[in-house]
Amino acid sequence: MKPITLALVLSLGLAPALVSAQEEELDGAEGLSLMEQGARLFMRGIMQEMEPALKELEGLAEDMKPAMRDFADNMGPALRKLLEEVDDWSVYDAPEMQPNGDIIIRRKPEAAPPDRPLEDGEIEL
């Protein structure tokens with residue numbers, strides 16, 4: 001409280017009412033230290049402040065669920081195959097998207113060549 005508000009409360013004799021309200025707020029916190037009670041009040045305040053954002057996030061997740069399910073259904077098998085092909089992702093640079101939409105994942109120049117021989121028709125880039 002600001003000093004002026006505190007002085008006004010004390011002069012009007014409202015201090016007992018404030019203390020009583022704070023005690024009701026901490027109802028059920030018997031046996032807790034002041035730090036624990038403060039932490040409980042702090043967390044309660046954080047949850048009250050975050051509630052609208054969490055509800056909005058929940059709605060967004062519900063809106064995205066069909067798109068994510070469709071993505072997993074369509075891309076899941078292709079990603080699984082890619083993960084089976086690549087043993088060590090640390091030997092590759094970050095993916096690059098070309099102007100035509102192609103995505104290229106290059107091996108780092110210092111990386112050792114692949115252990116397997118190239119198959120017919122396969123090109124080392």
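Both backbone and side-chain heavy atoms feed into the values below; hydrogens, waters and symmetry mates do not. Throughout, numbering of the chain's residues begins at 1 and tracks the sequence.
- Between the side chain of Gln48 and the backbone N or O of Gly45 there is no donor-acceptor pair closer than 3.5 Å.
- Closest heavy-atom contact between Glu49 and Pro52: O-CD, 3.5 Å.
- The minimum heavy-atom distance between Pro77 and Ala72, with the atom names listed, is CD-O, 4.2 Å.
- Under the side-chain contact (heavy atoms from CB on, under 4.5 Å) rule, Arg40 has a single partner from Met43, Arg44, Gln37, which is Arg44.
- Inter-residue side-chain proximity for Val91 and Lys108 is flagged as unmet; no heavy-atom pair is nearer than 4.5 Å.
- When all heavy atoms are compared, the tightest approach of Asp93 to Ile105 is O-CG2, 3.9 Å.
- With rounding to the nearest 0.5 angstrom, the CZ atom of Phe42 is 11.5 Å from the CE atom of Met35.
- Nearest heavy-atom pair across Gln98 and Ile104 is NE2-CD1, 3.5 Å.
- Between the CG atom of Leu82 and the CE atom of Met75 there is a distance of 9.0 Å, given to the nearest 0.5 Å.
- Listed by chain and residue number, Asn74 satisfy the side chain to side chain donor-acceptor pair (under 3.5 Å) test with Asp70 (two or more places apart in sequence, or in another chain).
- The side chain to side chain donor-acceptor pair (under 3.5 Å) test applied to Asp88 returns Ser90, not counting sequence neighbours.
- Atom NZ of Lys55 sits about 15.0 Å away from atom CG of Leu60, to the nearest 0.5 Å.
- With sequence neighbours left out, the side chain to side chain donor-acceptor pair (under 3.5 Å) criterion links Glu96 to Arg106.
- Rounding to the nearest 0.5 Å gives a distance of 10.5 Å between CG of Leu41 and CG of Leu34.
- Salt bridge status for Lys65 with Glu62: present, with a side-chain N to carboxylate O gap under 4.0 Å.
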